[in-house]
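A note on names: the letters A, B, ... follow the listed sequences, proteins ahead of strands, and every chain is numbered from 1.
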Amino acid sequence: MTYEFDFAAVLEYWPLLVQGTWTTLRLTFFCTIFGILIGAFCAVVRTGGPGWARHLVGLYVEFIRNTPLLIQSYFLIFGIASMGVRLPILVGATIALTINIGAYTTEIVRAGIESIHRGQLEAAECLGLSRVQTYLHVVIRPALERVYPALASQYVLLMLASSILSSVGVEELFGMANRIQSDTFRNFEVFVVLGVLYLILAVIVRAGFALLGLALFPRRRKLGTPL
Amino acid sequence: MNMTFIISLLEGLWGTVVLSVLTFIFGGLAGFLIALARISPVAALSKGTAVYIEIMQGLPLLVLMGLCFYGPGIFGYDSLTPLQAATFALTLYSSAYLGEIWRGCLQSVARPQWEAAECLGLSRWQRMKTVILPQALRIATPPTVGFMVQIVKNTSVASLVVGYAELSYNAKIINNSTFQPFLYFGIAALMYFAICYPLSVQSRALERKLNVANR
């Protein structure tokens with residue numbers, strides 16, 4: 001083995017790495033918020049909406065879940081560009097990722113909603129809660145609480161998958177690394193540094209979700225059951 | 001729409017299928033070993049695989065591709081083809097996920113079954129082979145078929161770092177010369193869908209069948 005590792009050459013570019021990490025985190029943050037909103041809405045429609053809307057959501061979920069994110073983002077971002085619409089790349093990336101994660105969230109939240117016991121709904125009806133009130137207080141919150149661990153790991157996967165969007169020109173962490181690579185030709189070292197950074201990011205995102213869970217679900221906290 | 005482009009897309013589809021099948025075979029073999037190591041009584045073995053799984057699940061596939069593409073060169077294996085590098089990376093990646101799925105299946109075989117096998121004086125390997133695995137196999141089939149969908153979708157990033165020519169790569173090349181993204185990426189998406197959707201449906205059907213047996 002005669003290869004000389006040179007991590008210093010890569011770490012010299014730390015401002016780019018920090019900037020990329022920040023973009024990745026921002027992208028993940030916005031997609032998480034929009035994704036959960038879309039996912040919760042679609043899951044409600046899928047379980048309690050009119051027939052045509054259920055089918056529509058079903059189609060959306062099946063199409064997104066059975067095609068790769070890469071093709072989806074090519075389709076959307078190059079497609080929008082071909083229509084002559086100028087969109088900041090970060091906005092396009094957020095839309096593509098949100099559409100993608102929304103479908104997965106829908107399926108997870110739907111499972112949560114379906115796990116709510118019928119008796120709960122009947123009790124809500126007996127108490128005279130309206131349909132909207134029932135959904136808000138009796139269905140959605142416990143449903144989210146139940147599927148929270150699955151949601152959290154799905155969003156960690158989202159953060160990792162956001163690296164794919166570097167291929168449409170988003171300068172997030174992976175995109176920045178491509179630039180460092182072409183400057184230094186230290187390919188392997190760049191990927192090692194990237195790997196370490198992504199592992200740290202995964203830990204951070206997971207910890208963030210755990211803390212958020214403690215804040216969002218006080219009942220669980222009181223009962224002392226794990227999230 | 002041009003016939004040569006469609007043929008090029010179909011060639012890409014073949015590349016996707018080849019890579020998916022190779023990944024499933026090698027990833028499945030490695031995943032099986034990892035599942036066994038994960039529940040092994042030897043602490044070093046089960047801790048070691050736990051760390052391996054943790055790392056693989058915390059890395060984006062693209063980074064793994066890069067490591068597998070440029071890494072072997074350092075140790076003197078310079079002539080890794082894109083297909084080999086992509087298979088290598090995808091194998092590592094899916095072995096971690098499959099290992100974790102199958103560990104769950106092995107552990108969900110009822111505890112008394114393990115104990116009964118032990119009482120009958122079966123060795124560890126005999127117990128695995130004749131008692132646990134046949135039962136775990138039934139539980140494992142639906143999630144495994146479901147994971148095949150993930151494998152097929154994950155092959156799409158093989159073009160980005162290592163430059164393996166599969167469906168999304170060919171679609172992008174075609175788009176670069178025709179500038180009809182909706183048409184060609186749409187067709188590519190439909191091709192992926194044609195592979196993945198039957199697998200998803202099959203996975204759900206199997207799950208339903210299994211639930212009936214359990215009720």
Side-chain angles (χ1 to χ4, degrees), chain A residues 1-5 24 61-83 153 156-157 159-168 172-175 177-178 181 185-203 205-206, chain B residues 16 54-76 97 146 149-150 152-161 166-169 171-172 175-176 178-201:
Chain A
M1 215 176 106
T2 49
Y3 191 85
E4 296 238 341
F5 287 97
T24 293
V61 169
E62 288 301 333
F63 253 101
I64 296 296
R65 279 168 41 108
N66 286 304
T67 51
L69 170 63
L70 183 66
I71 286 286
Q72 289 162 18
S73 39
Y74 280 165
F75 185 86
L76 199 86
I77 289 172
F78 294 143
I80 289 177
S82 79
M83 292 191 305
S153 47
V156 173
L157 284 181
M159 187 275 289
L160 299 175
S162 69
S163 61
I164 290 175
L165 285 154
S166 62
S167 64
V168 289
E172 40 72 78
L173 184 49
F174 196 85
N178 279 339
Q181 233 181 76
F185 298 106
R186 288 281 163 193
N187 299 319
F188 188 68
E189 285 91 331
V190 169
F191 279 106
V192 171
V193 172
L194 262 189
V196 172
L197 284 176
Y198 270 110
L199 280 176
I200 295 171
L201 274 178
V203 171
V205 173
R206 226 172 268 152
Chain B
T16 296
E54 198 63 32
I55 291 176
M56 288 301 154
Q57 296 193 342
L59 285 179
L61 187 52
L62 279 175
V63 172
L64 210 55
M65 290 263 174
L67 291 174
C68 291
F69 191 50
Y70 296 111
I74 290 173
F75 300 102
Y97 284 87
V149 178
Q150 306 284 338
V152 174
K153 286 190 294 179
N154 280 334
T155 57
S156 68
V157 303
S159 55
L160 296 182
V161 180
E166 37 69 60
L167 182 50
S168 53
Y169 180 80
K172 179 141 191 240
N175 177 57
N176 285 349
T178 61
F179 301 110
Q180 288 178 298
F182 285 129
L183 178 62
Y184 289 106
F185 291 132
I187 295 174
L190 285 177
M191 285 180 174
Y192 276 112
F193 189 78
I195 298 184
C196 295
Y197 186 64
L199 288 173
S200 301
V201 171

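Proximity to chain B (any heavy atom under 4.5 Å) is restricted, for A/Met83, to the side chain, taken from C-beta onward. Within the 4.5 angstrom heavy-atom criterion, only backbone atoms of A/Ile80 (N, CA, C, O) approach chain B. Heavy atoms closer than 4.5 Å to chain B are found in the side chain of A/Leu157, but not in its backbone. Looking at A/Gln181, only its side chain comes within 4.5 Å of chain B, counting heavy atoms on both sides.
A/Phe174 places a side-chain heavy atom less than 4.5 Å from the side chain of B/Val161. Residues B/Asn175 and A/Phe78 are in side-chain contact: their nearest non-hydrogen atoms beyond the backbone lie under 4.5 Å apart. Side-chain contact check for B/Leu67 versus A/Val192: some heavy-atom pair is nearer than 4.5 Å.
Going from atom OH of B/Tyr192 over to atom OG1 of A/Thr67 covers 10.0 Å, rounded to the nearest 0.5 Å. Note that the CG atom of A/Leu70 and the CZ atom of B/Phe185 stand 8.0 Å from one another [nearest 0.5 Å]. Taken from CG in B/Leu64 to CG in A/Leu194, the straight-line distance is 12.0 Å, to the nearest 0.5 Å. Separation of atoms CD1 (A/Ile164) and CG (B/Leu61) is listed at 7.5 Å; rounding is to 0.5 Å. From A/Ile71, atom CD1 reaches atom NZ of B/Lys153 across 13.0 Å, with rounding to the nearest 0.5 Å.
In this pair, A/Phe63 and B/Phe193 present their aromatic rings parallel. The plane angle is below 30°, not in the 30 to 60° band.
Interface remark: of the candidates B/Phe69, B/Phe182, B/Tyr197, B/Phe179, B/Phe182 forms the most heavy-atom pairs closer than 4.5 Å to chain A. Considering only heavy-atom pairs separated by less than 4.5 Å from chain B, the leading option among A/Ser82, A/Ala202, A/Ala81 is A/Ser82.
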